[in-house]
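Structure record follows, encoded as structure tokens.
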Amino acid sequence: MYSNKTNVNILTALLVSHGVRHAVVCPGSRNAPIVHNLNECPDITCHPVTDERSAGFYALGMVQATGQPVVVCVTSGTALLNLAPAVAEAYYQRQPLVVVSADRPPQWIDQYDGQTLPQPDALGRFVRKAVTLPEVAARETGQPGADEAHWHCNRLVNEALVERRGPVHINVPISEPLFGFDVAALPCERRIELTPAEVLPSTLGHVARMFMQSKRPMLISGQPMNPGLDEAVCMVGDDERYVPDFVLCTSGAIVSKRLKHFLRKARQTWLVSETGEVADTFMNLTHVVQGDGAVVADYVRFMLESQPHPFVQLWQELLLRVQHHADTFEPDYSQMAVVKHFERACDPLHASLSAFHYANSMAIRLANIYARHPVCCNRGVNGIEGSLSTAAGFSLIHHQTVSAHSPARVFCVIGDLSFFYDQNALWNQDLHGNLRILLLNNGRGGIFSLLPGLEQTPARDKFVAAEHTTTAEGICRQNAVRYLKAENMDEVRQGVDLLLNADSDRPMLLEVFTNADDDERAYRAYYQSL
């Protein structure tokens, strides 16, 4: 029988799954649930050592002898600090020593409770990875959030155990009562595997074969984005025929929340990333391949050209329907209509010679619908600050002329809150005429009109969406930026033509004024008519 502490059981199951066969265990009460599990587990041999400093080196010797990760398990308090010499040695030997420390619940740290001190990150830079597990309610309790907490705990343990280049630290808070041992079996836990960069050539073919042999494979990337996927998922609804069983994810952040929720239905995801870090966006990651995602994606596409896959064709047909809808849907005058016209007006020459930056919130969502070329967007943490500054900095490097008649433009499509927040980006006399800004001003943060439930609070428009009456004209005048404005579709056409084609020594800005309610209606109508 195992402990009734769910985080301890998740940890034990994954230690076994990742190949741990030996554990050096030190005395203590707070770590008793962990030690009990390690002792009960038939796959792990426990070795008792009383002195923690010595125990760390015992475990290091076992790592050296086996070439496999070995656990050293200590109780809470200064017991953990006594492992520092062995951990430092393991760090410089690049040995996979696994430190498992029991901890007090976080609310008791620094409250002069016995054997409590700040244990997360206590070993500093001498470990390759440090995680602190959440305390998790058993799924059987039906408590809200139990499934997500279980996934979180599983992911953190996997993040630590895939690291084999040196020691790692897994800190395990455990609340009282400590000594309940009535769980009949360890949980069946998802294991995430890491394929390091040095074995990528042989892995490339294996990844492609996994893709082609799956019944419902999907290749997906973030930036550069996959246009139309958000609408496609909306059209799919609950149709299980479109749910992938194997997702190969090759890069970047994904804008669509709807798409992320949909891909969480998939059975498994393989991630290809340069760093090899675990990024479990879809909550079903099983493999991380360290390498260039673009190379893997190109190889899979090459395979698909010679051997089309029925599931891929099913999705391609769906995406063609989405593209047709985007091309034929004619929104009333709104930000959606403006971006559609702007993207239509960007002929292949503009697209090939220019760079396109879209700010976060509504701007990038409209790009997802209409852009048919690579788009830059600060999707690392999705903040509104700095979008204009990023485009301006890009333009300083990109200002050289591609040819005598075709200047290299940098376009920034940006909403009003993002623009006014970052207006100091224009306070720079080194900027050139290649920077062109399309400012979508509807007097507030438009994305907030689309969030279900937010309409119930009277604080939405003024305090959440930051309603305002500001314009960019004065800002442009003080920064020697050529200012254009539009308040209807005819003026938009004229302004976009100048933005795309007019010569200028200084940046140009077209401010388009729309009504926020009209913008919301157009956006909703687009999705409702899919």
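Quick note: numbers below take in every heavy atom, side chains included, and nothing from hydrogens, waters or symmetry partners. Along the sequence shown, residues carry numbers from 1. Computed from a prediction, not measured in an experiment: that's the story for all the values here.
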Salt bridge (Lys or Arg N to Asp or Glu O under 4.0 Å) filter on Glu189, not counting sequence neighbours, yields none

Next on the checklist: Regarding Arg444 and Ser449, do their side chains bring together a donor and an acceptor under 3.5 Å, going by distance alone?
Outcome noted: yes

### No-hydrogen, no-angle side-chain donor-acceptor test under 3.5 Å, Asn158 and Arg191
no

Nearest heavy-atom approach of Glu135 to Ser175 is OE2-OG, 2.5 Å

- Query: Between His309 and Trp315, is the gap from one ring center to the other below 6.0 Å?
  - Reply: no

Less than 4.0 angstrom from a charged side-chain N to a carboxylate O is my criterion; do Asp113 and Arg104 meet it?
yes

**Asked** Does a side-chain N-to-carboxylate-O contact under 4.0 Å join Arg30 and Glu176?
**Response** yes

d(Leu60 CG, Leu83 CG) to nearest 0.5 Å is 11.5 Å

**OP:** Please tell me if the side chains of Ser101 and Asn31 come closer than 4.5 Å, counting only heavy atoms from C-beta onward.
**Re:** no

The salt bridge (Lys or Arg N to Asp or Glu O under 4.0 Å) partners of Arg301 (sequence neighbours excluded) come to Asp298

Worksheet item: Quick one: are the ring centres of His373 and Phe356 less than 6.0 Å apart?
Response: yes

Do Asp51 and Arg53 meet the salt-bridge criterion of a basic N to acidic O distance under 4.0 Å? no

Check: With side chains defined as the heavy atoms from C-beta onward, is the minimum distance between Glu148 and His152 less than 4.5 Å?
Finding: no

**Item:** Asn171 side chain near His169 side chain, heavy-atom distance below 4.5 Å
**Value:** yes

dist Leu11:CG -> Thr6:OG1 (nearest 0.5 Å) comes out at 12.5 Å

Original post:
Just wondering, more than 12 heavy atoms not from Asp238 lying within 6.0 Å of its CG?
Top reply: no

State whether Arg460 and Glu455 are salt-bridged, where the test is any N-O pair (Lys NZ or Arg NE/NH1/NH2 against Asp/Glu carboxylate O) under 4.0 Å. no

Quiz item: Which word best sums up how the rings of Tyr91 and Phe126 line up, parallel for under 30°, tilted for 30 to 60°, or perpendicular for over 60°?
Solution: perpendicular

dist Cys377:SG -> His357:NE2 (nearest 0.5 Å) comes out at 10.0 Å

Mind checking whether Phe181 and Tyr2 have side chains closer than 4.5 Å, heavy atoms only?
no

Problem set entry | Pair Phe262-Val236, side chain to side chain contact (heavy atoms under 4.5 Å, CB included): steps then yes or no | CA-CA 10 Å; Phe262 175 77; Val236 164; 4.1 Å; yes

- Task: Would you tell me whether Gln313 and Glu317 have side-chain atoms, one donor and one acceptor, within less than 3.5 Å of each other?
- Result: no

Can we say Arg190 and Asp280 salt-bridge, meaning some charged N sits less than 4.0 Å from an Asp/Glu carboxylate O? yes

